[in-house]
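This report refers to the structure that appears directly beneath it.
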Amino acid sequence: MLSFVPAGLANERREAPDSSPDPRTPVLRINQLDAFELDSALEQLVWAQFSQCFQHFRPGLLTPLEPELKALLQLLLWRFTVYSSSATVGQSLLDLRYHNALSSSPRYQPLSRWQKLGMALLSVGPIWLRERSHTLLLSLGLGTGAGGPPTEEGGRLRLGLRRSLNLLSSVAQVASLVNFLVFLRKGRHPSLSERLLGVRAVFSKAQGGRDVTFQYVNRELLWHGFAEFLIFLLPLVNVRRMKVAARSLLGGGGGEAAAADGAREGSGAWRECGLCGEWPTMPHTAGCGHVFCYYCVKSHAIADPYLTCPKCGAETGRPEPVKLQMEMTEIHVH
């Protein structure tokens with residue numbers, strides 16, 4: 001029996017494999033790192049939801065088996081993500097997937113079975129071993145004899161195993177750091193497990209054209225970098241001292257003249273704190289004609305050893321309590 005297929009549909013079928021994105025297209029570094037962040041957030045969310053199921057049980061029920069339960073949940077996520085579709089949840093959200101970089105084919109090749117198993121082992125195994133290493137050494141009984149008292153040979157063996165595990169962990173951390181630096185340089189394999197297994201993140205869908213120009217992106221990056229620099233720098237700048245210095249330069253008066261001006265203000269300067277502007281609490285003076293709250297002038301003096309009066313610019317000295325003189329007036333009753 002003959003079947004007729006339209007020429008257009010046949011052409012689409014022939015062109016379908018070629019329409020997939022080229023795995024040689026580089027993926028942005030930020031996309032690969034964002035995928036890791038999304039995966040980590042998902043694992044934390046799943047563990048939080050799982051823990052809430054036991055919130056009405058005895059406290060500490062999950063603590064003895066917490067490493068095993070976390071590993072089991074990670075394996076469950078791996079089964080329905082990497083094992084089934086060669087992509088994590090974070091990669092699926094960003095239109096990414098894993099590609100078998102060991103294949104010589106120019107087209108996309110999914111991960112092999114051993115690569116998927118290796119991803120599960122290298123992502124779950126080290127975390128579980130780090131959390132269970134101390135318990136495993138104790139459970140092996142390397143530090144006790146048959147009757148229970150510790151033996152010298154068992155203690156040395158356990159100490160050697162612990163040092164070996166610490167050395168292995170340190171080597172793995174250094175290797176991860178070097179791999180991350182290489183990733184920042186070349187843009188491939190952000191994790192050490194991906195480099196060891198020969199897997200690489202590629203686009204799962206063809207990427208469209210950019211809607212914004214590179215000039216706009218560069219301008220935005222420069223502005224955000226400048227804004228972050230200002231956020232870091234402004235808390236380190238003593239704006240009050242700069243205002244006082246500018247006022248002294250523009251006014252042309254020194255500290256003694258400023259103190260004399262403050263003294264000539266009379267009782268009006270005694271009605272508010274020179275720092276907070278409120279009615280002074282436990283009024284103190286600091287060498288000029290203005291009054292400050294005790295806590296205001298003390299805290300500012302601790303933060304700034306070269307504190308100056310924000311009103312007149314005079315250098316402040318040791319705070320002294322204000323001595324008020326009350327005048328009694330005669331009241332005539334008519």
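This chain uses plain numbering: 1 for the first residue, then up along the sequence. Only a predicted model underlies this, so the values are computations on that prediction, with no experimental measurement involved.
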- Using atom types as modelled and distance alone, determine if a side-chain donor or acceptor of H284 lies under 3.5 Å from a backbone N or O of M282. yes

- Query: Under a single-linkage definition using a 4.5 Å side-chain heavy-atom cutoff for Ile, Leu, Val, Met, Phe, Trp and Tyr, are L61 and L65 assigned to the same hydrophobic cluster?
  - Reply: yes

- Side-chain heavy atoms under 4.5 angstrom apart, residues restricted to Ile, Leu, Val, Met, Phe, Trp, Tyr: same cluster for L96 and Y108? no

- Is it the case that more than 12 heavy atoms not belonging to W114 sit under 6.0 Å from its CH2 atom? yes

- Whether N166 side chain and R162 backbone form a donor-acceptor pair below 3.5 Å: yes

- Can you check whether Q74 reaches E43 side chain to side chain, under 4.5 Å on heavy atoms? yes

- Query: To the nearest 0.5 Å, what is the distance between CD1 (I231) and NE2 (H224)?
  - Reply: 10.5 Å

- Query: If we only count heavy atoms from C-beta on, is the F203 to R97 side-chain gap below 4.5 Å?
  - Reply: no

- Item | Under 3.5 Å: donor-acceptor pair, side chain of S123, backbone of M119 | yes

- Message: So, taking the atom named CD in Q44 and the one named NZ in K70, what distance separates them when rounded to the nearest 0.5 Å?
- Response: 8.5 Å

- Query: What distance separates K205 NZ from L94 CG, expressed to the nearest 0.5 Å?
  - Reply: 11.5 Å

- Item | Other residues, nucleotides, ligands: >12 heavy atoms within 6.0 Å of R188 CZ | no

- Task: Could you tell me whether the side chain of Q91 and the main chain of V202 form a donor-acceptor pair under 3.5 Å?
- Result: no

- Message: A side-chain contact here means heavy atoms from C-beta on lying under 4.5 Å apart; do P283 and C293 qualify?
- Response: no

- Item | P67 versus P64, closest heavy-atom pair with distance | CD-O, 4.4 Å

- Over all heavy atoms of both residues, which pair between H99 and R107 is shortest? Give the atoms and the distance, please. CE1-O, 3.6 Å

- Message: Main chain of D95, side chain of S204: is a donor-acceptor contact present, judged purely on distance under 3.5 Å?
- Response: yes

- Message: Against S193, only a single residue in V199, N179, L122 fulfils side-chain contact (heavy atoms from CB on, under 4.5 Å); can you say which?
- Response: L122

- To the nearest 0.5 Å, atom CG of L102 lies from atom CG of N100 at 5.0 Å

- Task: Find out if a path of hydrophobic residues (ILVMFWY) with successive side-chain heavy-atom gaps under 4.5 Å connects L93 to V27.
- Result: yes

- Message: Taking the side chain as everything from C-beta on, heavy atoms only, tell me whether W47 gets closer than 4.5 Å to E66.
- Response: yes

- Do V89 and L77 come within less than 4.5 Å of each other through their side chains, counting heavy atoms only? no

- Message: Checking E220 now: which residues fulfil salt bridge (charged side-chain N to carboxylate O under 4.0 Å, His left out) with it, not counting sequence neighbours?
- Response: none

- Under 3.5 Å: donor-acceptor pair, side chain of S85, backbone of V82: no

- L121 CG to L75 CG distance, which is reported to the nearest 0.5 Å: 9.5 Å

- Item | Minimum-distance pair of heavy atoms, taken over all atoms of L197 and G118 | CD1-C, 3.4 Å

- For F232, which residues count as a side chain to side chain contact (heavy atoms under 4.5 Å, CB included) partner, sequence neighbours excluded? L236

- Item | Results of salt bridge (charged side-chain N to carboxylate O under 4.0 Å, His left out) for E68 - residues two or more places apart only | R132

- Query: Hey, are the side chains of F50 and L62 touching, using non-hydrogen atoms and a 4.5 Å cut-off?
  - Reply: yes

- Message: For a 4.5 angstrom cut-off between non-hydrogen side-chain atoms, does L45 reach Q49?
- Response: yes

- Item | Shortest non-hydrogen contact from A71 toward V124 | CB-CG1, 3.4 Å

- Compute both the distance and the angle, then confirm whether R113 meets the cation-pi test with Y83: under 6.0 Å from the six-membered ring centre, within 45 degrees of the axis. no

- Decide yes or no for R185 and L181: does some side-chain heavy atom of the first lie under 4.5 Å from some side-chain heavy atom of the second? no

- Apply side chain to side chain contact (heavy atoms under 4.5 Å, CB included) to the pair V182 and R195, showing each step before the final yes or no. CA-CA 11 Å; V182 175; R195 187 175 298 274; 3.6 Å; yes

- Message: Tell me whether R200 contacts the main-chain N or O of P23 through its side chain, where contact means a donor paired with an acceptor under 3.5 Å.
- Response: yes

- Message: Whether the side chain of S40 engages the backbone of F36 through a donor-acceptor N/O pair (distance < 3.5 Å, no angle test) should be reported.
- Response: no

- Query: How many angstroms lie between OG in S299 and OH in Y294, if you round to the nearest 0.5 Å?
  - Reply: 10.0 Å

- Item | For K116, all residues meeting salt bridge (charged side-chain N to carboxylate O under 4.0 Å, His left out), sequence neighbours excluded | none

- Message: L233: which residues meet the side chain to side chain contact (heavy atoms under 4.5 Å, CB included) condition with it, sequence neighbours left out?
- Response: F229, V237

- Item | Under 3.5 Å: donor-acceptor pair, side chain of Q115, backbone of S112 | yes

- Item | Main-chain N/O of L184 paired with R29 side-chain donor or acceptor, under 3.5 Å | yes

- Set of residues satisfying ring-ring contact (aromatic ring centres under 6.0 Å, His included) with respect to F183, sequence neighbours excluded: F180

- Message: Checking side-chain polar atoms at under 3.5 Å, does E194 have a donor or acceptor matched by the opposite partner on Y98?
- Response: yes

